[in-house]
Every structure is written in C-alpha cells, then in structure tokens.
Amino acid sequence: MLNDKKVLYSGMQATGTLTLGNYLGALKNWVNLSDEYECFYGVMDLHSLTVRQVPADFRKNARSLYALYVAAGLDPKKNCLYYQSHVSAHAELGWILDCFTYMGELNRMTQFKDKAAKHADNINAGLYTYPVLMAADILLYQADMVPVGVDQKQHLEICRDIAERFNNIYGEVFTIPEAYIPKAGAKIMSLQEPEKKMSKSDENVNATIRLLDDPDTIIRKFKRAVTDSGSEVRYSEDKPGVSNLMSIYGCVTGKTMEEIEREFDGKGYGDFKLAVGETVADELKPLQKRYEELMADKAFIDGCIKENDEKARYFANKTLRKVQKKVGLTEQIR
Ligand code: TYM
C-alpha cells in the first residue's frame, strides 16, 4: 500500500516489437488500471539477456518499448515507467532469492522447458533462474497485484511461494502478490496456427500482428488468418481460428461473443476477417501516431526515464535494505 493506493507491478521483455497479444493480454489492461493503483512498469531488459541480443538493436528495442508504454496511454508522470537494469536492486534481490528457491521448483517451469527446447544451443543459467528475477521485480515494490497474460501464471505462483517461504522465516517482509489475468484477451493465439500462442519470436510474419504494423499489413494478415471448416462465425472449442478472431474483436470493441455471433449472422468468414482487421487497425492508429511523436522527442523520453528510474530506485532500495538486514548481511558503513 502506497499513498493509500494498492501497488501494481508489471513489465515486458525488451525484445522485438510488441504483438497484439502483448497489447490485449497486458498493455491495454494496464492503462485501464492505472488510475486505481500506484503503478510500476519495467522495461525488462535484464530478462531479455537470456536470449542473445545484438547490442545496438537491443538498445533500440528497449527505447521503443518505453515509448510504446507511453503511446498506449500510460502517463509517465503518474506511472513509474523505468528500466529494470537501471535499478541494481533487481539483480541483488534476485541473487538472494535464488538462495531461497529450489531447483525442483524451477524444473517444473513450463516456459523454461519450452524456451530450452527452442534455444537448445544456449540453455543458460539465466533462462533457468528467470522466474526468480521476476519474483525479485515484483517483491521489491511490495506489489499487491500483477496484471499479466495467462502464460505468466506459473511464474506468479512461484513468486508467491518464494515470498511466503521468506516471510515464514523472517516475518512479514514481502507483500504476497495476486495475479490479475483478464477475462478476455489473456491468451491471444497465432493467426496461422490457432492452437499456438501469438508470440513475438514466431518466424512466420503472418502469424503475429505487430503493434507497429501499418493498417494495410494488419488487414492483409487478418484476411490470411487461418479459419476453420464451415462458414459460421461461432465461438466454440472446435473452431480455434474463428474463436481467436472473435476474442480479438471482442477485446477491442467490448462486445460479447453472443453479440459478435449476432452481428455476423448470415455473413461469411471473409466479411468477418475484414471487420476484425479494420477494427484492430483503427484501434492501433492513435497509438502509432503518438509513438512516432514520442520517438522524435528525445528530451522528453530521456527526462521521463531519468525521473522514473530514480523513483523506482527509491522504493526498490527500501525493500532491499530490509531484506539484507533480515538475512544478516552486514550493513555498509555510510
Ligand atoms: P513478455 O514480454 O513475454 O510478455 C509481456 C506480457 O504480454 C503477455 N502476453 C500475452 N497475452 C495474451 N496473449 C498472448 N499471446 C501473449 N503473449 C504475451 C504476457 O503474459 C505478459 O503479461 N516474464 C515477463 C516479463 C516480466 C514480468 C516481470 C511481468 C519480467 N518481470 C514482473 C510481470 C512482473 C514476460 O516475459 O513477459
């Protein structure tokens, strides 16, 4: 609890360009929650190092992510938007929490298994302890709530387990966070393989909508989206392609699945896909315009980063000092 408001924490990796999945599963909800909570959002550049990065591209991606946070509607005066690597407390608490996490727990992480299979040539220790650094991110700010897509649920569970374990030994040091997984949009699927999550790293360009895709590209990708046999726009488990498009359309318009079924009753997949494409393109237009303006305003973004890095450092260090004291590390002589 900070200034009588509950604390919200989340972040995204600073790799590639965000997808519509990142937007509907996370970013769009962050904007909706930002008045109600004291919010911290990190550009998770340390997490991104678990996969080899080209340094110059990586720096650009991190800045682009920062600008996208702002362009999507997160006011940097009200929300603490900062770089994870600029707050050294993340790495420091990460190490301490490594010593309170069991290998057996980490072995169960499905994302680790997936990523290890994908990057068989680089299964590094960072990939393995990724969830512990994530726990440190959240616990440093004493977060009450963490809005994420469904794929992060297991990471939130291990974060809670680590926090509870620590609190059981040392008293009430950490707030135990709750995951906030939206009812709609928590798992947006690939447009080409609707049984697979839409993912930044998908090599098939038609599988993902990027937030910075221009309107024609967005509409074209939706037109090419894989649909199912039949021609009815109906939400059902045996129609993963159409159901995914309906979820996307519902998230953007706020319409229920029944309303969408009624709207497209008697119309074919072609009309429906075009409508989804146009709706998404329209939704993203203002964000894209604002993004271009922000990327051109170096001084503004630099100022926001500097101010918010300091704010984040202040809160994070408070928790870190407390933890250091609890575990018995000797205080520095200042
Ligand atoms: P990342 O960068 O993979 O994803 C960022 C957010 O987007 C959500 N998301 C999706 N939601 C719906 N459908 C999809 N297809 C989809 N793809 C991604 C993710 O669930 C996530 O909310 N480990 C985190 C970053 C992180 C973090 C944290 C998050 C590091 N520390 C502390 C919260 C709190 C991640 O890899 O997100």
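First listed ligand is number 1; within each ligand, the first listed atom is number 1.
Ion pairing between K289 and E293 holds under the 4.0 Å rule for side-chain N and carboxylate O. Looking at R165 and E105, a side-chain N of the basic residue comes within less than 4.0 Å of a carboxylate O on the acidic one, giving a salt bridge.
With sequence neighbours left out, H47 forms a ring-ring contact (aromatic ring centres under 6.0 Å, His included) with Y130. E263 pairs by the salt bridge (Lys or Arg N to Asp or Glu O under 4.0 Å) definition with K255, not counting sequence neighbours. With sequence neighbours excluded, no residue satisfies salt bridge (Lys or Arg N to Asp or Glu O under 4.0 Å) with K183.
Between the side chains of N107 and Y128, at least one donor-acceptor pair of N or O atoms lies under 3.5 Å.
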When you check ligand 1 against the protein, what N or O pairs turn up below 3.5 Å? List the atom names and distances, or just say none.
unit_1: ligand 1; atom_1: 2 (O); unit_2: Q13; atom_2: N; d: 2.9
unit_1: ligand 1; atom_1: 4 (O); unit_2: N22; atom_2: ND2; d: 3.4
unit_1: ligand 1; atom_1: 7 (O); unit_2: N22; atom_2: ND2; d: 3.1
unit_1: ligand 1; atom_1: 11 (N); unit_2: G21; atom_2: O; d: 3.2
unit_1: ligand 1; atom_1: 13 (N); unit_2: I188; atom_2: N; d: 2.8
unit_1: ligand 1; atom_1: 15 (N); unit_2: I188; atom_2: O; d: 2.8
unit_1: ligand 1; atom_1: 15 (N); unit_2: M198; atom_2: O; d: 3.0
unit_1: ligand 1; atom_1: 20 (O); unit_2: G149; atom_2: N; d: 2.8
unit_1: ligand 1; atom_1: 20 (O); unit_2: D151; atom_2: OD1; d: 2.4
unit_1: ligand 1; atom_1: 22 (O); unit_2: G149; atom_2: N; d: 3.2
unit_1: ligand 1; atom_1: 23 (N); unit_2: Y130; atom_2: OH; d: 2.8
unit_1: ligand 1; atom_1: 23 (N); unit_2: Q152; atom_2: OE1; d: 3.1
unit_1: ligand 1; atom_1: 31 (N); unit_2: D137; atom_2: OD2; d: 2.6
unit_1: ligand 1; atom_1: 36 (O); unit_2: Q13; atom_2: NE2; d: 3.1
unit_1: ligand 1; atom_1: 36 (O); unit_2: Y130; atom_2: OH; d: 2.7

